[in-house]
Amino acid sequence: MEKMKLQEGLIFVAIFFLAYTQQLVGGQPQPHEGCQTRCGNVTIEYPFGTSPRCYYAEDPSFKLTCNETEKLLFGNIPAINISHNGELRVRVPPSYSCYNSRGNSSGSLYHTIRLVNLSLSTKNRFTAVGCNTYAFLSTYGVANHSFGCMSMCDSPPEANGECSGKGCCESSVPRGSNFFGVQPYSFNNNTSVHSFNPCSYAFLVENGTFNFDALEDLKNLRNVTDFPVVLDWSIGKQTCEQVGNTSICGGNSTCFDSTRGVGYNCKCFEGFEGNPYLSYGCHDIDECTSSRHNCSDPNTCRNKVGGFYCKCQSGYHLDTNTMNCKRKDVGWTIILLGTIIGFLVILLVVSFIKQKMKHHKNTELRQKFFEQNGGGMLIQRLSGAGPANVDVKIFTEVGMKEATNGYDKSRILGQGGQGTVYKGILPDNSIVAIKKARLGDNSQVEQFINEVLVLSQINHRNVVKLLGCCLETEIPLLVYEYITSGTLFDHLHGSLFDSSLTWEHRLRIAIEVAGTLAYLHSSASIPIIHRDVKTANILLDENLTAKVADFGASRLIPMDKEQLTTMVQGTLGYLDPEYFNTGLLNEKSDVYSFGVVLMELLSGQTALCFERPQTSKHLVSYFASAMKENRLHEIIDGQVMTEENQREIHEAARVAVECTRVTGEERPRMKEVAAELEALRVKTTKFKRSDQYPETEEIENLLGVQILTTQGDTSSTGYDSINNVPILDIEAGR
Ligand SMILES: *[C@@H]1O[C@H](CO)[C@@H](O)[C@H](O)[C@H]1NC(C)=O
Ligand SMILES: *[C@@H]1O[C@H](CO)[C@@H](O)[C@H](O)[C@H]1NC(C)=O
Ligand SMILES: *[C@@H]1O[C@H](CO)[C@@H](O)[C@H](O)[C@H]1NC(C)=O
Ligand SMILES: *[C@@H]1O[C@H](CO)[C@@H](O)[C@H](O)[C@H]1NC(C)=O
Ligand SMILES: *[C@@H]1O[C@H](CO)[C@@H](O)[C@H](O)[C@H]1NC(C)=O
Ligand SMILES: *[C@@H]1O[C@H](CO)[C@@H](O)[C@H](O)[C@H]1NC(C)=O
Ligand SMILES: *[C@@H]1O[C@H](CO)[C@@H](O)[C@H](O)[C@H]1NC(C)=O
Ligand SMILES: *[C@@H]1O[C@H](CO)[C@@H](O)[C@H](O)[C@H]1NC(C)=O
Ligand SMILES: *[C@@H]1O[C@H](CO)[C@@H](O)[C@H](O)[C@H]1NC(C)=O
Ligand SMILES: *[C@@H]1O[C@H](CO)[C@@H](O)[C@H](O)[C@H]1NC(C)=O
Ligand SMILES: *[C@@H]1O[C@H](CO)[C@@H](O)[C@H](O)[C@H]1NC(C)=O
Ligand SMILES: *[C@@H]1O[C@H](CO)[C@@H](O)[C@H](O)[C@H]1NC(C)=O
């Protein structure tokens with residue numbers, strides 16, 4: 001290595017230290033205007049420059065010169081081009097060492113290049129050419145090291161363009177090398193080799209730019225003036241992280257660490273171009289006008305900041321494989337889906353409309369029923385001249401449905417030929433009995449409404465109170481107070497209750513019922529004939545107080561004979577035979593029925609019993625014959641008869657028989673019956689005063705009802721003496 005002659009043919013890169021203040025634009029050092037931007041065909045860009053204030057002031061190594069022959073020089077090395085990403089291409093001639101035929105040295109050229117703030121790029125290759133050659137590349141710096149390659153051959157190798165060891169060898173260049181000398185040597189002075197390879201060559205060259213030609217290059221490589229060599233440049237000595245936002249990289253650009261390992265470089269963002277070392281150097285690339293787009297139809301190209309897109313017409317979509325606009329493929333799945341959705345929507349709309357119509361229809365229907373059932377008339381009566389204090393509530397159909405839990409089976413209290421009674425719970429938690437009333441044709445509506453009004457005014461302690469009605473249903477509903485303890489029929493004959501009614505109870509019940517009927521016949525504003533008095537229609541509350549139920553309103557019989565005669569109704573066993581035969585109704589029919597009830601109370605036997613002998617199937621005849629034959633004790637309920645009350649029972653039995661006389665004329669009036677029974681009790685009373693039958697005080701409770709005190713008028717009337725007085729057909733609703 002002593003032979004190294006560095007001084008021979010040395011090219012020094014002259015570095016001048018020039019410190020100029022620079023214009024500050026956007027906080028970054030910038031070149032001033034009027035800097036030389038071209039030298040020959042090479043573009044000069046900041047941070048490089050040819051004059052002060054044009055190159056990066058803090059690093060004089062960015063100074064270039066452009067001499068008269070339009071050659072751009074880096075120091076004294078010609079520069080080819082400069083790239084933003086930190087590469088500077090220069091031209092460097094090869095080193096060589098030649099021998100003549102005698103083995104004497106006939107010429108040589110050695111290069112030493114010293115770089116400051118730049119280094120050799122690893123893109124370069126160190127290459128030696130020759131058949132008797134070895135070459136060194138030495139790097140000096142923080143640490144000195146040398147490396148090289150050797151090539152020996154007797155004859156010219158075959159030319160294949162590759163530098164693969166035959167007449168040519170190459171080696172990579174270590175990163176960051178910044179000071180190097182290149183020198184070729186010969187192993188000996190063998191003249192036979194010199195004949196086809198007079199010289200040994202060594203040079204640096206950018207990878208991929210040198211194709212080895214064995215025949216030419218072994219002879220005449222000296223004729224090649226230079227090879228391109230890549231140098232790495234960077235800003236400063238710090239990494240991007242270290243400089244942070246004080247880097248000189250401009251807007252729309254980013255900093256990256258230099259490949260040389262020292263300093264940083266800048267690059268524009270994707271989709272931008274320009275000089276990233278200037279504050280406003282990077283600008284958006286208009287890909288569409290610079291045809292840097294891949295849209296197959298340029299007309300579809302649309303530029304956007306940092307990129308572009310291909311915009312297809314509506315109805316078309318971009319096929320990313322061909323970048324073609326294609327008509328949208330409306331797949332059958334979409335069609336199917338669309339159809340299904342459409343169908344569902346239509347279904348929904350239709351059902352909605354149906355629902356609406358149904359609702360409307362329901363409302364209409366309700367309204368229709370309401371009118372049909374005399375709702376308008378009722379409201380008119382209630383608000384109009386009629387009694388001011390009438391307490392009839394008009395219930396809605398919805399309210400009724402809710403109260404009965406949708407007319408649930410479990411709510412049925414009683415069911416029979418005459419209708420169904422439901423237990424209802426009103427929103428205020430009060431319990432009521434709701435009965436479906438039967439109404440004939442429209443002509444009866446007025447009377448029906450009258451009847452509802454009259455019944456609702458009966459405020460008698462022994463009458464089941466009518467609370468209101470619902471007219472919105474086809475069959476009007478009547479709402480009554482709810483009585484808890486069942487019917488007298490159940491108590492006397494039913495299995496539900498053991499018949500523990502004592503004589504005192506029975507007598508009181510009889511008095512209560514008789515008094516109530518008397519009141520209805522004579523005292524109420526319009527005489528009311530119950531028409532279906534029977535034990536099943538007498539309810540008992542928890543105190544065993546009698547409550548007469550079913551003041552019809554179920555059907556109203558106008559006072560014309562035709563109707564009356566066709567409408568004979570009642571319950572077998574209780575039915576007045578006279579009424580049954582003639583079809584003419586009067587208050588004595590109720591007297592007859594009451595007589596049967598009294599007989600039931602006395603005997604504990606049902607009104608009709610087919611187990612009794614033929615002649616005494618009917619309780620009335622059974623009772624009458626027993627009375628006649630003086631064997632009453634046989635048929636009186638054993639539970640009832642005691643030593644003390646024998647006389648009373650006989651008296652009561654007598655009254656019962658009188659009540660059931662065949663001709664109505666012979667029967668006593670209800671008021672008389674009530675008085676007689678009351679007298680019975682008064683004689684041997686063991687009851688308290690409060691238990692007694694309230695004679696007339698209840699009448700005063702009838703609010704707004706015109707009380708007919710002229711008893712003679714009503715008491716003696718049948719249907720024919722007072723016109724237009726409705727007589728009620730009372731059905732057994734329970
Ligand atoms: C620049 O000019 C030189 C001759 O002056 C030529 O050899 C070279 O190819 C040119 N380079 C470019 C990039 O045009
Ligand atoms: C310009 O540079 C070339 C190449 O280095 C050199 O040969 C020439 O002499 C220079 N001219 C001037 C005027 O410096
Ligand atoms: C610089 O020159 C090399 C070779 O002549 C060429 O491959 C490269 O594209 C050039 N770069 C620029 C930025 O002009
Ligand atoms: C070349 O070789 C000849 C003899 O072979 C010798 O006389 C001469 O001095 C040599 N020249 C050099 C420059 O060494
Ligand atoms: C590298 O070599 C040069 C020249 O031979 C010498 O001056 C320098 O001290 C060396 N550096 C190191 C680190 O050995
Ligand atoms: C080849 O010749 C040169 C010049 O005469 C001489 O300096 C060198 O030592 C010779 N080399 C060998 C290997 O003989
Ligand atoms: C020179 O090279 C030839 C061919 O390889 C060889 O035959 C000859 O012996 C060599 N001469 C010397 C002096 O080494
Ligand atoms: C040199 O270039 C070749 C192809 O041109 C490539 O395969 C190889 O990896 C490159 N070597 C280096 C060190 O860049
Ligand atoms: C270049 O090589 C040729 C042979 O191919 C030679 O004749 C010529 O002298 C050489 N020119 C230079 C300047 O070396
Ligand atoms: C190298 O760069 C530093 C700043 O990065 C500068 O101070 C120094 O002057 C530069 N050296 C040369 C020789 O240009
Ligand atoms: C750089 O960043 C620091 C904090 O991260 C901030 O205080 C300073 O203003 C920034 N400088 C510039 C020029 O943006
Ligand atoms: C960055 O690019 C956007 C879009 O081209 C431009 O509006 C903005 O001015 C640029 N910013 C700078 C600092 O150049």
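Note that ligands are numbered from 1 as they come in the structure, with each ligand's atoms numbered from 1 the same way. Numbering of residues begins at 1 and proceeds along the displayed sequence.
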I'd like to know if the two cysteines, [Y] and [X], have SG atoms within less than 2.5 Å.
X	Y	value
Cys295	Cys301	no
Cys255	Cys240	yes
Cys199	Cys98	yes

Task: Salt bridge flag under 4.0 Å for residues Lys123 and Glu206 - done: no

Validation: residues 394-403 side-chain donor-acceptor distances under 3.5 Å, sequence neighbours left out:
residue	atom	partner	partner atom	Å
Thr396	OG1	Gly399	N	3.0
Glu397	OE1	Arg366	NH1	3.3

Within ligand 10, which atoms have a heavy atom of [X] less than 4.0 Å away?
X	value
Ser61	14 (O)
Pro60	9 (O), 14 (O)
Glu58	4 (C), 6 (C), 7 (O)
Val116	11 (N), 12 (C), 13 (C)

Task: Minimum side-chain heavy-atom gap Ser290-Ile285 below 4.5 Å - done: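 Counting from C-beta outward, Ser290 and Ile285 do come under 4.5 Å.
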
Open item on the list: Before we go on, tell me: are the rings of Phe210 and Phe227 under 6.0 Å apart, centre to centre?
Closed with: yes

Task: Aromatic contact, Tyr55 with Trp233 (centres under 6.0 Å) - done: no

- [ ] Enumerate the atoms of ligand 12 whose separation from the nearest heavy atom of Asp284 is less than 4.0 angstrom.
- [x]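 Result: 5 (O).
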
Task: Residue shell around ligand 3, heavy atom under 4.0 angstrom - done: Asn81, Arg89

